[in-house]
Asker: 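One structure coming up, written as structure tokens, with questions to follow.
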Amino acid sequence: MIKQIVAIALVLGLFVSCEKVVEPVHKIQVSFSEDVGSTTLDGRLLLMLSSDDSDEPRFQINDGLNTQLIFGMNVENWAKDSVLTFDETVFGYPYESLKDVPPGEYNVQALLNVYETFNLSTGHTVKLPMDNGEGQKWQKSPGNLYSKPFKIRVASNGFENVSVELDQVIPPIEEPEDTKWIKHVKVKSEKLSEFWGRDVFLGAHVLLPKGFEEHPEAKYPLMVFHGHFPSDFGGFRTTPPDPKMKPEYSERFSMEGYNIIEQQEAYDFYKRWNEPDFPRFIIIEIQHPTPYYDDSYAVNSASQGPYGDAITYELIPEIEKQFRGMGEGWSRFLYGGSTGGWEALAVQVKYPNEYNGCFAACPDPIDFRAYTLTNIYEDDNAYYYPSAHKKLEVPSHRNYLGQIQSTLRQGNHLELVLGDKSRSGQQWDIWEATYSPQGKDGYPVRIWDKKTGEIDHEVAEYWKENFDLRHILERDWDKLGDNLKGKIHIFCGDMDNYYLNNAVYLMEDFLESTTDPYYEGEVKYGDRDEHCWNGDPDQPNAITRLRYNSMYVPKIMERIEASAPQGADLTSWRYK
């Protein structure tokens, strides 16, 4: 009996040892239909997986805790009969490889962010995603190809035989129409067209003052509202909130019916704009998207071209000509928050005589010793704190209680999936595209290795001398001080979500140390206030962020009265 058992075991063992070992498979193939493209294509091909059925995967990719999965690869000369394969070697976020995707049911979708070829005046040829009227949003950029989502199941041994076809094209976006109050301007920039090797236009949404047609004798001061790409002039509404609109909950502000509050604030501003004693200004919001982001950061840069000069010397004079602006530096004012806050301060510093005051709320890093939580001059690595035995990641986003939602490494790895060579169209990459020197390949030079976070201190020195606003002010105060006295106003919450208050502290230290002249401006902080606090201690972020267009008017009027040159027109625009 024992001999029989042993014999059976030996036979079974022989069968088992001869059985083929099945390796896990992780492959998804992608092609595009001839119905959506007949020529070869360049771009960034993105593959997305989502376990959330609430929306398409392309609208669920972000840097927060609720992000879904994405993988990316470059494509060049992709033909309609060619099939591309995503396998476990393709870099992804938040899982770096398809082999790391947990078993389960997922919606799968692919999208091609189409690149165009630019022959730059620098002699370089680069391939980049042109803005198509959407403000550099890859998920909805007209002309991009995508597939409809469908479900797949990921098993413990992976998945195979999954094919995705791009058979949809994102349609064009309609241009906004002029109204009595709001006009839309497009100006071809000769400076930018020469740099990019093709026609480049700057746009602006212009809010006209009450009585503009009735007072042809009046000339107006100009308020320049900087910020992210505006599809139209925001925060201005001539009718009360729509009574049929369903209240929506704002997760960011923990507030019910925030969509109704937004409409009410816009209507309230319209009423203030028409009050008899409200100063008559022109306000503009500028459209200046680049192939790298939804706006240019409004300064000249090596890889994006002379946007600062184009805005200040081409666009703004044309607007003042068309709409009876005064056209003088003392009558122009800059304001904005976040990106717009940095732009307001940077433009004032770079063009001190062309503007008469900046109001910078929650500005992007204005001292690169506090590039959020990284000192790019002294730290060796942006992603990890220095430690002999512990690996601790540097956070990048918090709430007002200090609770963390993401880290620098995670956010930068998402960008690397969306596009290499600073082409993700996201925050860290646009800082790099703006501040870095141009590389030999025509693209911005990396400030740090995108995979590891290792900082290039030679690039950091270039940033310091050209775009570190605190350093520039300290270095050149003997030349700039007289032209900036009374013009600098900075506001920031002390619990800014992106730690931007740290750079403001450093800037304040310098400004308060100034003599001959003293800067005569202001720096204010909001207690426990988050990103985009803009100087009102009596209202929360959720409200003050909707009041940029009117908050700084009293300060602007004080500045005009104190600084207008002798004989300046202080009356034609002060009608009832």
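Owing to the predicted nature of the structure, the values given are computational and were not obtained by experimental measurement.
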Asker: For the residue pair Ser141 / Glu134, report whether a side-chain donor-acceptor contact shorter than 3.5 Å exists.
Answerer: yes

Asker: Do the side chains of Glu275 and Lys271 get close enough for a salt bridge, i.e. N-O under 4.0 angstrom?
Answerer: no

Asker: Would you call the rings of Trp428 and Trp431 parallel, tilted or perpendicular, taking 30° and 60° as the class edges?
Answerer: perpendicular

Asker: Check the angle between the aromatic planes of Tyr525 and Tyr505 and answer parallel, tilted or perpendicular using the 30° and 60° thresholds.
Answerer: tilted

Asker: Count the heavy atoms belonging to other residues, nucleotides or ligands that lie under 6.0 Å from CD of Glu194, then report whether that count exceeds 12.
Answerer: no

Asker: Quick check for you: to the nearest 0.5 Å, what is the distance between Trp463 atom CH2 and His471 atom NE2?
Answerer: 15.0 Å

Asker: Is any side-chain N of the basic residue among Arg528 and Asp494 closer than 4.0 Å to the acidic one's carboxylate O?
Answerer: no

Asker: For Lys576, is there an ion pair with Asp277 - N to carboxylate O distance below 4.0 angstrom?
Answerer: yes

Asker: Within 45 degrees of the axis of the six-membered ring of Phe467 and under 6.0 Å from its centre: does Lys350 put its NZ or CZ there?
Answerer: yes

Asker: Verify salt bridge (charged side-chain N to carboxylate O under 4.0 Å, His left out) between Lys555 and Glu522, making sure each step is shown before the conclusion.
Answerer: CA-CA 11 Å; Lys555 297 177 184 291; Glu522 62 181 334; 3.0 Å; yes

Asker: For Asn113 and Asn144, which I'm curious about, is there any donor-acceptor pair between the side chains at under 3.5 Å?
Answerer: yes

Asker: Please work out whether the ring planes of Trp477 and Phe510 are parallel, tilted or perpendicular, with thresholds of 30° and 60°.
Answerer: perpendicular

Asker: Considering non-hydrogen atoms only, spot the tightest contact between Tyr518 and Glu512 and give its length.
Answerer: OH-OE1, 2.9 Å

Asker: For Arg475 and Glu465: C-alpha separation, side-chain torsions, deciding distance, then whether salt bridge (charged side-chain N to carboxylate O under 4.0 Å, His left out) applies.
Answerer: CA-CA 9 Å; Arg475 181 192 67 196; Glu465 295 304 320; 2.8 Å; yes

Asker: Quickly, which of Tyr552, Phe359, Tyr335 forms a ring pair (Phe, Tyr, Trp, His ring centres under 6.0 Å) with His489? Name it, please.
Answerer: Phe359

Asker: Identify the heavy atoms of Asn497 and Asn399 that sit nearest to each other, and give their distance.
Answerer: ND2-CA, 3.8 Å

Asker: Salt bridge (charged side-chain N to carboxylate O under 4.0 Å, His left out) between Lys180 and Glu213: does it pass, once the steps are laid out?
Answerer: CA-CA 10 Å; Lys180 171 187 174 183; Glu213 295 293 344; over 6 Å; no

Asker: Salt-bridge test for Arg198 and Glu116: reply yes if a basic N is under 4.0 Å from a carboxylate O, no otherwise.
Answerer: yes

Asker: Restricting to non-hydrogen atoms, name the atom on Asp309 and the atom on Asn300 that form the minimum distance, rounded to 0.1 Å.
Answerer: N-OD1, 3.0 Å

Asker: Do the charged groups of Asp242 and Lys244 touch, with an N to O distance under 4.0 Å?
Answerer: no

Asker: Measure the spacing between OG1 of Thr434 and CG of Asn466 and express it to the nearest 0.5 Å.
Answerer: 12.0 Å

Asker: Is the number of heavy atoms from other residues, nucleotides or ligands within 6.0 Å of OH (Tyr267) greater than 12?
Answerer: yes

Asker: Taking the inter-plane angle between the rings of Trp573 and Phe281 on a 0 to 90° scale, is it parallel (under 30°), tilted (30 to 60°) or perpendicular (over 60°)?
Answerer: tilted

Asker: Would you please say whether a donor-acceptor pair under 3.5 Å links the side chains of His226 and Thr339?
Answerer: no

Asker: Do Asp468 and Tyr435 get their side chains close enough for a donor-acceptor pair, meaning under 3.5 Å?
Answerer: no

Asker: For Tyr355 and Thr312, test the side chains for any donor-to-acceptor distance below 3.5 angstrom and give the result as yes or no.
Answerer: yes

Asker: Ignoring hydrogens, what is the shortest heavy-atom contact between Ala298 and Val347? Give both atom names and the distance.
Answerer: O-CG2, 3.5 Å

Asker: Is the CD atom of Glu217 crowded by more than 12 outside heavy atoms at less than 6.0 Å?
Answerer: yes

Asker: So for atom CG, which belongs to Asp478, do other residues, nucleotides or ligands contribute more than 12 heavy atoms lying within a distance under 6.0 Å?
Answerer: yes

Asker: How would you list all residue pairs meeting ring pair (Phe, Tyr, Trp, His ring centres under 6.0 Å) that involve residues 302-329, not counting sequence neighbours?
Answerer: Tyr313-Tyr351

Asker: Determine whether a donor-acceptor pair (N or O, by modelled atom type, separation under 3.5 Å) exists between the side chain of Gln410 and the backbone of Thr407.
Answerer: yes

